[in-house]
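I have placed the structure first, in the form of structure tokens, so that the comments after it can refer back to it.
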Amino acid sequence: MLDIKLIREDKNNIIERLNRRGRDFTDVIDRIIKKDQDRRLILIELEGKKQQLNSSSKEIGILKQEGEEEKADILKQNLKQLSEEIKEEDKNITEIDQSLKFLLLSIPNALLLDVPLGKSAEDNTIIKVVGEAKLFDFKPKDHVDLGEALGYLDFDRAGKIAGSRFPLLMGEGAKLERALINLMLDLQAVNGYTEVVPPFLANQASLTGTGQLPKFEEDLFKCRDDEYYLIPTAEVPLTNIHRNEFIKAEDLPLKYTAYTPCFRREAGSYGKDTRGLIRNHQFNKVEIVKLVKPQNAEKELESLLRDASMVLDALELPYRVVKLCGGDTGFSAAKTYDLEVWMPSSESYREISSCSLFTDFQARRLNIKYKDENKKTNFIYTLNGSGLAVGRTFAAVLENFQNAAGKLILPEILQKYLKN
RNA sequence: GGAGAGGUGGCUGAGCGGUUUAAAGCGGCGGUCUUGAAAACCGUUGACUGUUAAAGGUCCGGGGGUUCGAAUCCCUCCCUCUCCGCCA
């Protein structure tokens with residue numbers, strides 16, 4: 001959520017940073033400003049009336065103590081109407097507050113000024129390329145053919161159990177998935193993240209806090225009889241650990257990691273990546289989350305990116321780092337780097353991690369504060385990244401480490417994890 | 001699922017219709033003392049809104065109600081704890 005004060009005081013700057021997303025936010029911002037002004041006008045009048053009521057009520061208390069019952073009764077009669085008026089106007093203010101809040105909750109984060117302009121993924125900036133994109137002297141299989149041949153994957157039976165876009169890993173495949181999870185968690189432990197096993201369902205407040213609600217409900221699986229949603233990412237529970245909390249400055253930064261399954265309806269992506277592990281309704285992910293002081297934000301994003309990259313380095317997978325352009329940056333993020341892994345079957349790079357800085361956008365929704373150096377209360381900044389999407393890593397491992405015979409030659413570190 | 005207890009400022013905790021602008025303690029901050037520190041003592045210290053600064057307004061789990069006036073009474077929902085039942 002953007003700061004209404006900032007919108008009031010620095011409207012043009014906010015609009016400029018929003019418009020980097022590739023559409024014009026002037027109208028919405030103007031509507032917000034108008035509503036905010038209306039609200040303040042009504043509020044001034046209302047507060048005057050409240051002041052009057054408060055002091056008169058106090059007077060009644062005093063009169064009664066002095067035994068002046070009659071005077072008190074007269075005053076009481078006179079206050080009845082004022083009290084009614086206040087109640088009425090209070091209702092109006094609440095309504096305006098709610099619609100203002102809804103508008104604010106529906107506006108995406110203002111982007112940092114170094115986020116490149118652009119409409120789609122094609123306009124992202126390639127920051128660096130790590131490792132060599134493997135070219136095979138045979139035609140590499142994709143991870144589905146390979147996985148099914150090896151008995152690791154069984155999408156037909158997954159369809160029987162649940163439906164399309166669900167994975168079923170069997171035998172060595174299931175073990176490989178578990179090895180990857182363990183490897184990732186161990187690496188992030190070394191990087192100083194506290195391991196967490198959070199709830200896999202979250203309530204409405206939590207999802208509003210991180211930004212999935214109210215705008216993107218159609219992307220979520222929702223329980224029918226309870227106000228719970230299946231988490232679309234561990235970002236939700238991890239970032240919500242400290243919702244409505246005051247953090248001691250010396251406890252920052254706070255760093256958490258968790259492995260969780262993630263559940264996404266993938267509404268609106270019919271026909272996209274229908275094959276394999278790339279886009280499923282359920283997938284495993286190891287997430288890393290940080291709560292930091294604002295002044296360290298950019299540095300913390302760079303280090304978060306390194307923490308995520310480290311997994312790809314350890315697995316010896318070729319990848320590249322891209323900075324997302326405005327149009328491709330997610331709703332809550334102010335700036336995002338993606339890690340894209342090389343997929344030999346399609347000879348392309350595919351997103352495997354997304355590392356974002358959210359500035360105080362989430363913290364404001366979540367009400368997470370700390371006291372800064374000047375003892376001023378301030379919102380913390382949040383960041384998160386995938387470290388990594390396990391399903392996509394699984395696919396990348398299969399495709400990158402296959403040989404002509406259709407067997408896997410895994411890097412040493414993975415072999416070690418498979419043994420344990 | 002049944003019965004009971006409870007949710008109050010960074011923390012502990014009193015208040016249970018009207019000088020409460022939420023007591024007190026802890027913690028924090030400043031000071032006195034000290035070579036320095038600790039202890040002790042003195043002062044200060046909730047959040048949000050608003051303002052040049054103030055005044056004022058809002059906030060005692062969430063929502064609604066009663067009243068001139070609600071932390072306090074009523075309704076409702078949520079959460080925590082104890083006991084019972086069921087259960088991995």
Side-chain angles (χ1 to χ4, degrees), chain A residues 1-10 32-33 35-102 104-105 197-209 213-214 222-223 225-229 237 240-252 254 291 293 360 363-380:
Chain A
M1 188 163 56
L2 296 176
D3 185 359
I4 183 74
K5 266 192 262 177
L6 259 182
I7 295 177
R8 273 201 296 256
E9 287 160 17
D10 208 357
I32 288 176
I33 289 178
K35 209 172 263 273
D36 179 55
Q37 280 168 346
D38 291 349
R39 176 180 174 277
R40 280 149 66 99
L41 282 179
I42 299 175
L43 204 59
I44 288 168
E45 194 201 330
L46 176 61
E47 288 189 352
K49 287 186 179 173
K50 281 189 177 176
Q51 183 181 358
Q52 200 184 326
L53 181 73
N54 286 347
S55 65
S56 298
S57 292
K58 204 167 270 178
E59 210 173 305
I60 292 177
I62 294 167
L63 285 174
K64 281 202 155 184
Q65 270 175 353
E66 291 170 347
E68 306 262 20
E69 291 291 336
E70 267 177 53
K71 281 188 185 171
D73 280 344
I74 293 166
L75 200 47
K76 231 192 252 188
Q77 287 306 314
N78 295 341
L79 285 183
K80 215 163 205 153
Q81 200 197 332
L82 183 62
S83 175
E84 287 302 316
E85 279 173 31
I86 287 173
K87 242 167 236 175
E88 197 55 40
E89 287 180 31
D90 245 341
K91 236 171 238 167
N92 289 340
I93 280 282
T94 309
E95 237 167 72
I96 293 173
D97 276 349
Q98 275 171 354
S99 69
L100 189 59
K101 178 124 198 238
F102 184 81
L104 282 171
L105 286 174
V197 181
F200 299 163
L201 304 191
N203 59 32
Q204 190 185 312
S206 293
L207 285 147
T208 304
L213 293 178
K222 185 182 181 181
C223 297
D225 294 331
D226 305 277
E227 274 301 310
Y228 293 126
Y229 298 83
N240 270 278
I241 289 175
H242 294 287
R243 173 152 53 86
N244 285 329
E245 286 187 22
F246 236 100
I247 315 253
K248 289 197 186 111
E250 65 261 33
D251 290 341
L252 295 172
L254 287 162
L291 312 187
K293 293 182 192 171
D360 62 0
R364 195 175 295 280
R365 292 165 165 248
L366 295 159
N367 188 30
I368 307 178
K369 299 173 186 171
Y370 81 110
K371 280 216 199 299
D372 65 21
E373 286 65 24
N374 307 318
K375 286 173 214 130
K376 223 183 147 271
T377 301
N378 239 322
F379 290 106
I380 53 122

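Below, chain A is the first sequence line, B the second, and so on; all start at residue 1.
- When distances are taken from the side chain of A/Arg40 to each of B/U66, B/G57, B/G50, the shortest belongs to B/G50.
- Applying the 6.0 Å contact sphere to OH of A/Tyr228 captures no more than 12 heavy atoms from other residues, nucleotides or ligands.
- No more than 12 heavy atoms of other residues, nucleotides or ligands shown are found within 6.0 angstrom of CZ on A/Phe102.
- Listed by chain and residue number, nothing satisfies the salt bridge (charged side-chain N to carboxylate O under 4.0 Å, His left out) test with A/Glu88 (two or more places apart in sequence, or in another chain).
- Each of B/C48, B/G57, B/C68 was ranked by its minimum atom distance to the side chain of A/Lys50; first place goes to B/G57.
- Between the side chains of A/Gln51 and A/Glu47, not a single donor N or O lies within less than 3.5 Å of an accepting N or O.
- No hydrogens or angles were tested; on distance alone, nothing pairs the side chain of A/Gln51 with the base of B/G57 as donor and acceptor under 3.5 Å.
- When the P atom is used for both B/U8 and B/G57, the distance is 26 Å, rounded to whole Å.
- A side-chain N or O of A/Asn203 and one of A/Ser206 form a donor-acceptor pair less than 3.5 Å apart.
- In this structure, CG of A/Asn54 is placed 10 Å from P of B/G69, rounded to the nearest angstrom.
- The same atom, C1', is picked in B/G9 and in B/C26; the two are 13 Å apart, to the nearest Å.
- When the shell of 6.0 Å around CD of A/Glu69 is examined, it contains more than 12 heavy atoms from other residues, nucleotides or ligands.
- For the C1' atoms, the distance linking B/G63 with B/C79 amounts to 15 Å, nearest Å.
- Evaluation of the salt bridge (charged side-chain N to carboxylate O under 4.0 Å, His left out) rule for A/Arg8 yields A/Asp36 as partners, not counting sequence neighbours.
- Rounded to whole angstrom, the span from the NZ atom of A/Lys71 across to the P atom of B/G69 amounts to 22 Å.
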Once each nucleotide of nucleotides 10-23 of chain B is scored for protein heavy atoms under 4.0 Å, what B/S/- sequence comes out, 5' to 3'? S-------B--S--
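- Among the protein residues, A/Leu53 comes within range of the sugar-phosphate backbone only, with heavy atoms under 4.0 Å from sugar or phosphate atoms but none that close to a base.
- The pair A/Glu84-A/Lys80 does not meet the salt-bridge criterion, since no charged nitrogen lies less than 4.0 angstrom from a carboxylate oxygen.
- Between A/Tyr228 and A/Leu75, the residue anchored closer to the 5' end of RNA chain B is A/Leu75, taking for each the nucleotide with the nearest heavy atom.
- For the P atoms, the distance from B/U72 to B/C81 is 25 Å, rounded to whole Å.
- For A/Arg8, a side-chain nitrogen or oxygen approaches OP1 or OP2 of B/G50 to under 4.0 Å.
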According to the Watson-Crick and G-U wobble definition with distances under 3.5 Å, which dot-bracket string, read 5' to 3', encodes RNA chain B, using [ ] for crossing pairs and | for pairs with another strand? ((((((((.[[[..)..(.....]]]((((((.......))))))((((......)))).[[[[[..)....]]]]])))))))....
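- Comparing atom distances between the A/Lys369 side chain and each of B/G50, B/C48, B/U58 picks out B/C48 as nearest.
- Salt-bridge annotation for A/Glu227 and A/Lys222: present, with a side-chain N of the basic residue lying under 4.0 Å from a carboxylate O of the acidic one.
- Here A/Asn92 pairs with nothing under the side-chain hydrogen bond (donor to acceptor under 3.5 Å, both in side chains) rule; sequence neighbours left out.
- Contacts between residues 77-86 of chain A and RNA chain B, counted as heavy-atom distances below 4.0 Å, involve A/Leu79, A/Lys80, A/Ser83.
- For the P atom pair drawn from B/C83 and B/G46, the interatomic distance equals 39 Å after rounding to whole Å.
- Of the P atoms belonging to B/A14 and B/A23, the separation is 15 Å, rounded to the nearest Å.
- We find that CG of A/Asn244 is positioned 19 Å from P of B/G7, with the value rounded to whole Å.
- Residues A/Ala363 and A/Ile380 come closest through the heavy atom pair CB-O, 3.1 Å.
- A straight line from CG of A/Asp90 to P of B/A70 spans 11 Å, rounded to a whole angstrom.
- With C1' as the reference atom, B/A47 and B/U35 are 43 Å apart, rounded to whole Å.
- Between the P atoms of B/A71 and B/C60, the separation comes to 7 Å (whole Å).
- Considering only heavy atoms from C-beta on, A/Leu291 stays 4.5 Å or farther from A/Tyr370 through its side chain.
- Summarising the geometry of A/Lys64 relative to A/Lys76, their closest heavy-atom pair is NZ-NZ, 3.9 Å, with the distance given to 0.1 Å.
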